[in-house]
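Here the structure is laid out as structure tokens; the discussion comes afterwards.
In each ligand, atom 1 is the first atom listed, and ligand 1 is the first ligand listed. Just so you know, residue 1 is the first one in the sequence shown, and it goes up from there.
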Amino acid sequence: MKLFRSALALAVTLGLAACQGTPTRAEAGHEARPAGAKPAATAAEADAFIAGVNKEIRDTYREITAAQWVSETYINADTEVLVSKANERNLVRVSKNVEDARKFAGVSGISPATQRGIDLIKLQTAMPAPKDPAKLAELTEIASRLNAAYGSGKSCKDASDPKTCRNLDDLSKVLAEKRDWDLDLEAWTAWHDTARGMRKDYVRFAELVNEGAREIGYGDAGEAWRSGYDMSPADLRKETDRLWSQVKPLYDELQCYARNKLAAKYGAKMPKDGTIPAHITGNMWAQDWSALYPLLQPYPGVSNLDVDAALKRGKYTPEKMAQRAEDFYTSLGFPSLPKSFYTNSQLKRPQDRDVVCHASAWDIDLAGDVRIKMCINPNEEDFRTIYHELGHIYYYLAYNPLPPLFQTGAHDGFHEAIGDTIQLNLTPSYLAQIGLAGNAKANPKAVLNAQMKQALEKIAFLPFGKLIDEWRWGVFDGSITPANYNAAWWELKKKYQGVAPVVARTENDFDPGAKYHVPGNTPYMRYFLAHILQFQFQRSLCEAAGFKGPLHECSVYGNKTAGAKYWAMLQKGASQTWQATLSELTGKGEMDASAILDYFAPLYGYLKEQNRGKDCGWQ
Ligand code: X8Z
Ligand code: ZN
């Protein structure tokens, strides 16, 4: 992680991953000065100010990441205190930077780089904090408590006997492996119930970050989050709606196809309104339906895509899985990971203590101590997640030479898309090449199987990726109140995903808290944007590699030309607008879903044909 705008950040300091990039010029640093008033500062002073901020970040960074790392890898009351205090100090620094930056509003002659630095100052945290010291302390304590509560979440039959407890791994395994209505429902409910206790803290958390956001000139914390995209917050919202409308028809076909296959299996248990029950998608949050592949594959027996079995056969350890992923990146000409990556990362779940297992990538010192924190199991999902995490790691390494304020993604969706793009290169032929899949000849049936598998991860995710922050934006702007937190959550789940719970959920529940990024305060729209961008990146890398066939068959494994182009993008960090960076890679400075639609063209045709005459849609 990173103090600011990291990949996955503990709300607190970090990661402002949310708010990457520069806010609109209208709201950042260019506040109006009364007519005739003399500028309070000069351009040279602005340069010195930004140099000072960058130095201060470097000087204080290591201590904060130390507290954050230890608080997530050793969850206990002491590390919770340490991280709260470290985050408090960091937020005091950010508030002071924001305050000091005001005097450069309207100063003429400021260089573009310095102006960009000034604009990025406000975006250093996803957790804007009130200045009042008591409220600031309260906020960091709540944030640490929520994060720890998620990491240590367990469902116990007998609270006094740890042997009766199941953690998220245990419960997720049931959902992924068992196609059993009742067992799945029990596991799903058990995990969602662990979040109930977070509700009160979350209500207060939302009040406090809103107060902090208003103090620095935003309408609410959601607007602050939407300000990191080199466009106005209102335009960013419109952008996400536009992109969703491009991909919704494809998602709707997939939802209909999946629903009908599930209905064939579960019969009368299925709801009549066209929704998919939340507990039977193979995933705790219904965000990734890959586990349903055996049930949904178009042509059983045509291709062997069982990477789980191959990993077991190959006796893959977490280290070996990470090395395999690293090999992909070095094949592009990227540097080897530093040795410290393997000694300092947490790759396995420790057995003697609670840790935050949700995968994350960390830049510990802005100087090469990069780590991931995961609890890797030898399965395909975790294997793919390592490729995702290494995308963050290589972004850090590529932009480390930049001033700290620019050491972040072009916008936060870029950070999430780097490794996801590499995942798109795990084609059946790449997997066969590294011994993790059979040597099947590509034929139209095998293509549809592979596309289905990919879509269950990447297309099923799209509405989920969008709705999480629709919920939080609503919480922050007051259109969703604590009295309808849970009801609003399920309305959005139904509206976007066509997914619904089969057991009553009430306002005693806090189901959003069962998803890491809510208690972890990591903005989520980044993942939606990443799921669009990664196909644009992939199209450009394949073009650079001179690939001529259909996009879904391209793998740039081993291609140094594509690699050099990608690395050049990573090196830019946030030093220029994301539009400029995207344009350098793809020739176009706009996010656009045409690449994802191209990629899935064969599957889209297949789904429409399969759904013909079927009842699609949901009420
Ligand atoms: O949180 C993550 C990564 C870390 S940035 C593992 N992802 C989202 C999630 O798990 O909900 C990657 C895909 C979406
Ligand atoms: Zn990530």
Side-chain angles (χ1 to χ4, degrees), residues 1-2 5-11 14-18 20 72 126 147 150-151 168-169 172 175-176 191 281-291 321-322 325 345-347 355-363 370-377 379-396 408-424 454 456-469 471-472 493 497 511-534 537 570:
M1 298 227 176
K2 235 158 217 269
R5 303 173 261 154
S6 89
L8 208 222
L10 166 86
L14 316 316
L16 186 173
Q20 321 237 12
E72 297 205 5
N147 207 44
Y150 185 90
L168 178 59
D169 286 2
S172 294
L175 298 190
W191 179 251
T281 66
N283 173 272
M284 191 59 78
W285 309 278
Q287 69 180 71
D288 178 340
W289 305 348
S290 307
M321 290 161 76
S345 287
Q346 178 206 283
L347 300 179
V355 299
V356 178
C357 270
H358 190 88
S360 53
W362 299 57
D363 185 348
V370 286
R371 311 175 185 176
I372 61 174
K373 179 186 60 55
M374 280 185 73
C375 300
I376 300 174
N377 289 305
N379 60 43
E380 182 176 12
E381 185 185 353
D382 285 2
F383 186 58
R384 293 175 67 84
T385 299
I386 301 171
Y387 286 74
H388 173 94
E389 296 306 331
L390 291 194
H392 292 306
I393 294 291
Y394 277 108
Y395 215 165
Y396 298 150
T408 187
H411 69 49
D412 56 4
F414 280 61
H415 230 302
E416 298 305 334
I418 304 306
D420 278 12
T421 304
I422 301 302
Q423 287 177 347
L424 297 178
Q454 196 75 300
L456 294 175
E457 180 186 341
K458 304 280 185 192
I459 302 298
F461 180 81
L462 291 164
F464 182 82
K466 187 162 192 289
L467 77 86
I468 307 295
D469 281 355
W471 184 81
R472 278 188 294 200
K493 293 278 286 180
Q497 291 183 284
D511 294 326
K515 177 66 196 162
Y516 169 74
H517 303 69
V518 174
N521 197 42
T522 305
Y524 211 84
M525 199 56 83
R526 59 182 64 179
Y527 301 106
F528 173 72
L529 300 175
H531 275 67
I532 305 289
L533 275 173
Q534 61 191 262
F537 292 175
L570 304 192

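Residue K515 has at least one heavy-atom neighbour below 4.0 Å for each of these atoms of ligand 1: 9 (C), 10 (O), 11 (O). Heavy-atom proximity to Q287, at under 4.0 Å, picks out these atoms of ligand 1: 9 (C), 10 (O), 11 (O). Annotation for ligand 1: atoms under 4.0 Å from non-hydrogen atoms of H392 are 5 (S). Proximity to A359 (heavy-atom distance under 4.0 Å) selects the following atoms of ligand 1: 4 (C), 6 (C).
Only the side chain of Y524 comes within 4.0 Å of ligand 1, judged by heavy-atom distances.
For the pair E416 and ligand 1, the shortest N or O to N or O distance does not fall below 3.5 Å. Any N or O atom pair closer than 3.5 Å counts here, and H358 shares at least one such pair with ligand 1. By the 3.5 Å distance cut-off applied to N or O atoms, E389 is not counted among the residues near ligand 1. Considering backbone and side-chain atoms together, Y527 places an N or O closer than 3.5 Å to an N or O of ligand 1.
A 4.5 Å side-chain heavy-atom check between E457 and R384 finds at least one atom pair inside the cut-off. Side chains of Y527 and Q287 form no contact here, defined as non-hydrogen atoms less than 4.5 Å apart.
The N, O or S atom of E416 with the smallest distance to the Zn ion (ligand 2) is OE1. Looking only at its N/O/S atoms, H392 has NE2 as the one nearest to the Zn ion (ligand 2). Closest N/O/S atom of H388 to the Zn ion (ligand 2): NE2.
When atom types are taken as modelled, the side chain of D469 and the backbone of Y524 share a donor-acceptor pair closer than 3.5 angstrom. Listed for the S345 side chain is a donor-acceptor partner under 3.5 Å among the backbone atoms of I372.
Between H415 and Y395, the two ring planes are tilted [angle within 30° to 60°]. Aromatic ring orientation, Y396 versus H392: parallel (interplanar angle below 30°, classes split at 30° and 60°).
Residue V355 is tested with E72, M374, Q346 for a side-chain contact (heavy atoms from CB on, under 4.5 Å); the sole match is Q346.
In the model, Q497 has a side-chain atom that pairs as donor or acceptor with a side-chain atom of K493 under 3.5 Å. Using modelled atom types and a 3.5 Å distance limit, the side chains of E416 and H531 yield no donor-acceptor pair.
By the 4.0 Å heavy-atom criterion, F461 is counted among the residues contacting ligand 1.
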